[in-house]
Amino acid sequence: MSTEPEQRAIELSRRRMRVAIPAIVALLGVAAIVVGAVSGGGAGAEPAGPEASAPPPGPEAPAPRPAPAEAPAPASVDTFDRAAHSLDDPASIWVVVNKLRPLNPMDYVPDDLVDVPVPHTWDPLLRQAASDAIVAMFDAAANEAGLSLASNSAYRSYSAQESVYSGDDLSTARPGFSEHQTGLTMDIGPESGECSLNACFGETAEGIWLRDNAYRFGFILRYPADKTPVTGYEYEPWHFRFVGGDLAGEMHRTGVTTLEEFFGLPAAPEYE
């Protein structure tokens with residue numbers, strides 16, 4: 001049996017336990033609230049949304065660079081020297097003769113005329129460079145295409161042009177205004193004579209070959225079918241003018257068909 005002091009100690013211990021238990025329970029409750037607050041929970045708290053978990057805003061991201069625009073094609077540079085020869089000197093292979101640009105002097109005679117050794121209707125004369133080119137062109141027509149060409153007319157003097165001029169300014173030039181007087185021009189036809197000096201020559205095998213190949217030898221078809229308002233003359237598929245390989249090649253490359261347009265000269269549909 002326990003003694004009185006022992007019973008008092010036991011009773012005191014029980015009293016202390018009765019006081020401590022509610023305090024411990026209270027402390028446990030407070031701890032639960034603190035833990036819930038730290039973890040983002042807690043009684044009555046709303047569930048965390050996407051905004052709650054998003055990182056804090058940082059500096060604004062730079063706008064994407066626009067794609068570079070496609071580089072424009074480089075502009076073509078015209079390197080052809082249009083001042084290499086005179087357009088006014090009657091002795092120049094680039095001299096431009098039309099209804100607004102007579103020869104100066106009007107009775108000009110080239111000083112290097114030679115006989116041209118090709119089939120012909122009338123004995124042809126041309127300046128040396130043009131003669132050499134004609135011979136080469138006639139030979140090429142024969143060797144490459146089996147075609148036989150002939151000269152219908154070449155150099156004509158001022159006085160010869162007086163006898164040729166018909167009064168029809170669309171078909172013949174007045175004396176002093178004719179390309180034939182330069183010694184650089186030949187009227188060409190088939191040796192057979194078919195369609196000679198007629199528009200139908202342009203549809204013959206000879207006319208087509210000359211149209212497509214004359215530039216190779218330094219010649220241009222001087223009076224194209226669609227250029228009467230520029231040149232002042234009707235279509236003459238037989239009239240070929242020597243201008244040299246450089247100019248003939250450049251006109252062929254660029255597709256410019258008249259001397260007036262190539263050199264930026266006024267159209268010459270009529271005499272002043």
Side-chain angles (χ1 to χ4, degrees), residues 79-98 101-144 147-158 160-161 173 176-189 191 206-207 209-224 231 236-254 256-260 262-263 265:
T79 60
F80 188 82
D81 184 4
R82 285 170 167 76
H85 299 280
S86 171
L87 306 183
D88 304 310
D89 183 353
S92 169
I93 62 170
W94 288 4
V95 62
V96 180
V97 182
N98 59 34
R101 297 174 59 88
L103 288 162
N104 184 19
M106 292 187 72
D107 60 354
Y108 166 74
V109 178
D111 59 9
D112 60 345
L113 292 171
V114 297
D115 293 315
V116 187
V118 296
H120 55 269
T121 304
W122 309 101
D123 292 338
L125 296 175
L126 286 177
R127 293 181 58 186
Q128 184 68 64
S131 175
D132 293 344
I134 279 286
V135 171
M137 186 162 69
F138 278 35
D139 286 346
N143 296 332
E144 297 174 10
L147 301 174
S148 297
L149 301 175
S151 169
N152 295 136
S153 182
Y155 168 73
R156 294 200 294 261
S157 66
Y158 183 94
Q161 193 66 23
F177 293 83
S178 173
E179 280 202 329
H180 282 279
Q181 196 176 326
T182 67
L184 299 171
T185 297
M186 179 176 280
D187 293 338
I188 304 172
E191 193 170 10
E206 292 85 354
W209 189 91
L210 285 169
R211 180 198 67 200
D212 294 342
N213 292 278
Y215 77 94
R216 296 164 46 199
F217 305 91
F219 286 88
I220 62 170
L221 176 62
R222 182 66 175 98
Y223 303 130
T231 65
E236 293 191 358
W238 59 85
H239 183 115
F240 286 87
R241 159 70 191 277
F242 181 72
V243 294
D246 291 343
L247 178 53
E250 183 69 5
M251 292 178 69
H252 177 78
R253 184 187 71 80
T254 59
V256 180
T257 57
T258 70
L259 295 175
E260 289 83 2
F262 186 84
F263 289 112
L265 299 172

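In this text the structure is predicted, and so the values were computed from the model without any measurement.
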Checklist line | Point-to-point distance, once rounded to the nearest 0.5 Å, from CG of Asp187 to CZ of Phe240 | finding: 10.0 Å
Next item on the list: Could you give me the CA-CA distance, side-chain angles and deciding distance for Thr231 and Asn98, then say whether side-chain contact (heavy atoms from CB on, under 4.5 Å) is met?
Entry: CA-CA 7 Å; Thr231 65; Asn98 59 34; over 6 Å; no
Notebook entry, point to check: By salt bridge (charged side-chain N to carboxylate O under 4.0 Å, His left out), which residues pair with Asp246, not counting sequence neighbours?
Noted result: none
Next item on the list: Quick one: list whatever passes side chain to side chain contact (heavy atoms under 4.5 Å, CB included) with Thr121, sequence neighbours left out.
Entry: Asn152
Next item on the list: Under the salt bridge (charged side-chain N to carboxylate O under 4.0 Å, His left out) rule, collect the residues that match up with Arg222, sequence neighbours excluded.
Entry: Glu179, Glu260
Note to self: Using the rule given for side-chain contact (heavy atoms from CB on, under 4.5 Å), can you reason through Met251 versus Tyr215, listing the C-alpha separation, both sets of side-chain angles and the distance that settles it, and then say yes or no?
What the structure shows: CA-CA 8 Å; Met251 292 178 69; Tyr215 77 94; over 6 Å; no
Next item on the list: Mind checking side chain to side chain contact (heavy atoms under 4.5 Å, CB included) for His85 and listing every partner two or more places apart, or none if nothing turns up?
Entry: Ser92, Ile93, Trp94
Item checked: Residues that Ser153 engages under side-chain hydrogen bond (donor to acceptor under 3.5 Å, both in side chains), provided they are two or more places apart -> Arg156
Item checked: Nearest-0.5 Å distance that lies between atom CG in Leu247 and atom CG in Asp81 -> 11.5 Å
Next item on the list: Taking side chain to side chain contact (heavy atoms under 4.5 Å, CB included) as the test, write out the residues that go with Glu236, two or more places apart.
Entry: Tyr223, Trp238, His239
Next item on the list: Scan for side-chain hydrogen bond (donor to acceptor under 3.5 Å, both in side chains) pairs involving residues 109-120, sequence neighbours excluded, and state none if there are none.
Entry: Asp112-Arg127, His120-Asp123
Next item on the list: Report the C-alpha distance between Ile188 and Ile134 in whole Å, list the side-chain angles of each, state the deciding distance to 0.1 Å, and finish with yes or no for side-chain contact (heavy atoms from CB on, under 4.5 Å).
Entry: CA-CA 10 Å; Ile188 304 172; Ile134 279 286; 4.0 Å; yes
Check: Looking at residues at least two apart in the chain, or sitting in another chain, which of them share a ring-ring contact (aromatic ring centres under 6.0 Å, His included) with Phe138?
Finding: none
Check: Taking only residues two or more places apart in sequence or in another chain, which ones pass side chain to side chain contact (heavy atoms under 4.5 Å, CB included) with Ala140?
Finding: Glu144, Trp209, Phe217
Next item on the list: Would you please test Met186 and Phe242 for side-chain contact (heavy atoms from CB on, under 4.5 Å) and show each step?
Entry: CA-CA 8 Å; Met186 179 176 280; Phe242 181 72; over 6 Å; no
Check: Does Asp89 have any salt bridge (charged side-chain N to carboxylate O under 4.0 Å, His left out) partners at least two apart in sequence or in another chain, and if so, which?
Finding: none
Note to self: With rounding to the nearest 0.5 angstrom, report the OG1 to CD distance, Thr79 to Glu250.
What the structure shows: 7.0 Å
Item checked: Any residue meeting ring-ring contact (aromatic ring centres under 6.0 Å, His included) with Tyr155, in chain and number order, not counting sequence neighbours -> none
Note to self: Please identify which of these residues, Leu184, Leu259, Val95, meets the side chain to side chain contact (heavy atoms under 4.5 Å, CB included) condition with Val243.
What the structure shows: Leu259
Next item on the list: With sequence neighbours left out, write down each residue that passes side-chain hydrogen bond (donor to acceptor under 3.5 Å, both in side chains) with Asp107, or none if nothing qualifies.
Entry: none
